[in-house]
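Report on the following structure.
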Amino acid sequence: ALLYVLACVFPFTRHKPVLLALSQADTAPPLFDMMMPVSNVGKTIEKDGTPPQVMATYGLFLVLAMAVYHYVADGEFSAILTMSVMFQCLAVGLLGFQSFSTGSAAGISAQSLKLEALALMLRLSSTTWLNGYLPVDASGDFLFQAIDVCSLVMTLVLLYRVTVVQKITYQVGDDTLPVLPMVLVCFVLAPLLHADLNDRPIFDSLWMAGLFIGVLAVLPQLWLINRCGGHISVLTSHHIAAMAISRFLSGTFMWYAREDILCEPWVGDINHASWAILSAHFVHLILLGDFAYFYVKAVLANGRSEERR
């Protein structure tokens, strides 16, 4: 939300959205980067670096996170769940800042935003009135849900900007990953693998479906980056890093709480719900690692080019 405010306060401080090709001439057309072949994957990197507003937001965010941990949650371990959704909110805000500050939807997957919004809604269907998947500290009384609502609102606003306000720059021809079959699989697996922390099978299943769909939300963005020749902007890389931290914190909590994740075993005494939740977090981190590969490759390629110059 703070990033959106900063983008509105500094509407003319636009950081160029273009990804500077190593061989790009001054007369190259603006869409040059979008037309680069797949063979040039990893050969571009954004020119202007991280905007100062983003660095300021990081500093303020860390202060707020520490304040929540010490003064709201009283240092309880379960507070890392709340910090997890805070990082997720930051990740969405970074994409929003990219849209507002550049005036372009290039590099942002609407498919990914739709899945992220669906995942948040499914999670909120449980956490807004049931306690099974909430932190046991005071941050789970209101703050956890409020942050998720904020993430959902920002995701929907960003989706509107990408598909309506900035439709002309949205790469609809590249954002083509067929996600519907995978979403249906998530809704089939969720009732089979859900935990019983809410002791309400329908809402336990909805929470599990939200977890699975949240993992899928990474795929359209990765697909879009591949289709566009491996180009990844600095702000997109910050979005990915914040989302990775979110998944790491959530996965850490689930690992330590795995003995408390209860379910009705299908085979022997195997706790399938615990393994499903941990596996989803692991796969999510692996997929986010693919983004890191593209970004590091771009950084290295840009560094070699500068040395040759």
Side-chain angles (χ1 to χ4, degrees), residues 2-4 6-7 13-22 24 33-34 36 38 40-59 61-62 84 86-113 116 151 154-155 158 162 169-171 174-175 214-215 217-249 284-306:
L2 179 60
L3 284 164
Y4 278 169
L6 288 171
T13 309
R14 297 195 181 276
H15 297 268
K16 299 178 182 178
V18 297
L19 298 167
L20 184 64
L22 299 182
Q24 182 176 3
D33 293 311
M34 298 181 188
M36 290 181 66
V38 177
N40 287 334
V41 169
K43 291 186 179 180
T44 58
I45 184 171
E46 193 171 347
K47 180 179 180 180
D48 289 339
T50 303
Q53 295 97 321
V54 174
M55 299 307 297
T57 302
Y58 269 122
F61 173 81
L62 291 174
S84 169
M86 290 179 71
F87 272 102
Q88 182 177 9
C89 188
L90 176 64
V92 176
L94 288 166
L95 273 188
F97 184 75
Q98 176 178 329
S99 172
F100 275 95
S101 63
T102 64
S104 171
I108 301 177
S109 168
Q111 295 267 61
S112 183
L113 294 174
E116 195 65 48
S151 296
M154 288 196 297
T155 301
L158 181 55
V162 169
T169 58
Y170 169 44
Q171 298 156 291
D174 294 316
D175 193 14
V215 175
V218 178
L219 293 177
Q221 186 68 53
L222 183 59
W223 174 275
L224 179 62
I225 289 175
N226 274 289
R227 295 271 293 181
C228 295
H231 301 181
I232 181 170
S233 72
V234 168
L235 284 172
T236 302
S237 71
H238 282 292
H239 161 78
I240 294 160
M243 190 64 75
I245 294 172
S246 171
R247 293 301 90 193
F248 176 77
L249 292 174
H284 203 165
L285 287 171
I286 292 297
L287 293 175
L288 290 170
D290 283 339
F291 288 104
Y293 165 78
F294 282 119
Y295 183 65
V296 170
K297 191 172 182 179
V299 170
L300 294 176
N302 188 70
R304 288 194 296 268
S305 175
E306 292 297 327

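Quick caveat: nothing in here was measured; it's all calculated off a predicted structure. Residues take their numbers from the sequence shown, with the count starting at 1.
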Over all atoms of both residues, closest heavy-atom pair of His284 and Gly214:
CE1-O, 3.4 Å
CG (Leu158) and CZ (Phe100) are apart, to the nearest 0.5 Å, by 8.0 Å
Sequence neighbours excluded, which residues qualify as side-chain contact (heavy atoms from CB on, under 4.5 Å) partners of Ala105?
Val162, Gln166, Thr169, Tyr170
Expected output: side-chain Asp175 to main-chain Ala110 donor-acceptor under 3.5 Å
yes
So, do Leu94 and Thr57 sit near enough that their side-chain heavy atoms are less than 4.5 Å apart?
no
Expected output: side-chain Gln171 to main-chain Gly107 donor-acceptor under 3.5 Å
yes
Leu113 and Thr155: which non-hydrogen atoms are nearest, and at how many Å?
O-CG2, 3.4 Å
To the closest 0.5 Å, what do you measure between CG (Leu95) and OG (Ser233)?
8.0 Å
If the condition is side-chain hydrogen bond (donor to acceptor under 3.5 Å, both in side chains), which residues does Ser151 pass it with, not counting sequence neighbours?
none
Search all heavy atoms of Arg247 against all heavy atoms of Ser84 and return the closest pair with its distance.
NH2-OG, 3.9 Å
So CG of Leu62 and CG of Leu90: to nearest 0.5 Å the spacing works out to 8.5 Å
What's the shortest heavy-atom distance between Cys228 and Asp174, and which atoms?
SG-OD2, 3.7 Å
Heavy-atom pair with the smallest gap, counting every atom of Ser101 and Leu235:
OG-CD1, 4.1 Å
OG (Ser104) and CD (Gln98) are apart, to the nearest 0.5 Å, by 8.0 Å
Which heavy atom of Val92 sits nearest a heavy atom of His239, and at what distance?
N-ND1, 4.1 Å
So CZ of Arg227 and OG of Ser109: to nearest 0.5 Å the spacing works out to 12.0 Å
Which residues pass the side-chain contact (heavy atoms from CB on, under 4.5 Å) test with Ile245, sequence neighbours left out?
Phe87, Leu249
Using ring centroids (six-membered ring only for Trp), state whether His238 and Tyr58 fall under 6.0 Å.
yes
Criterion side chain to side chain contact (heavy atoms under 4.5 Å, CB included) on Met243 and Gln221, from CA distance to verdict:
CA-CA 13 Å; Met243 190 64 75; Gln221 186 68 53; over 6 Å; no
Can you tell me how far apart OG1 (Thr236) and CG (Leu224) are? Round to the nearest 0.5 Å.
9.0 Å
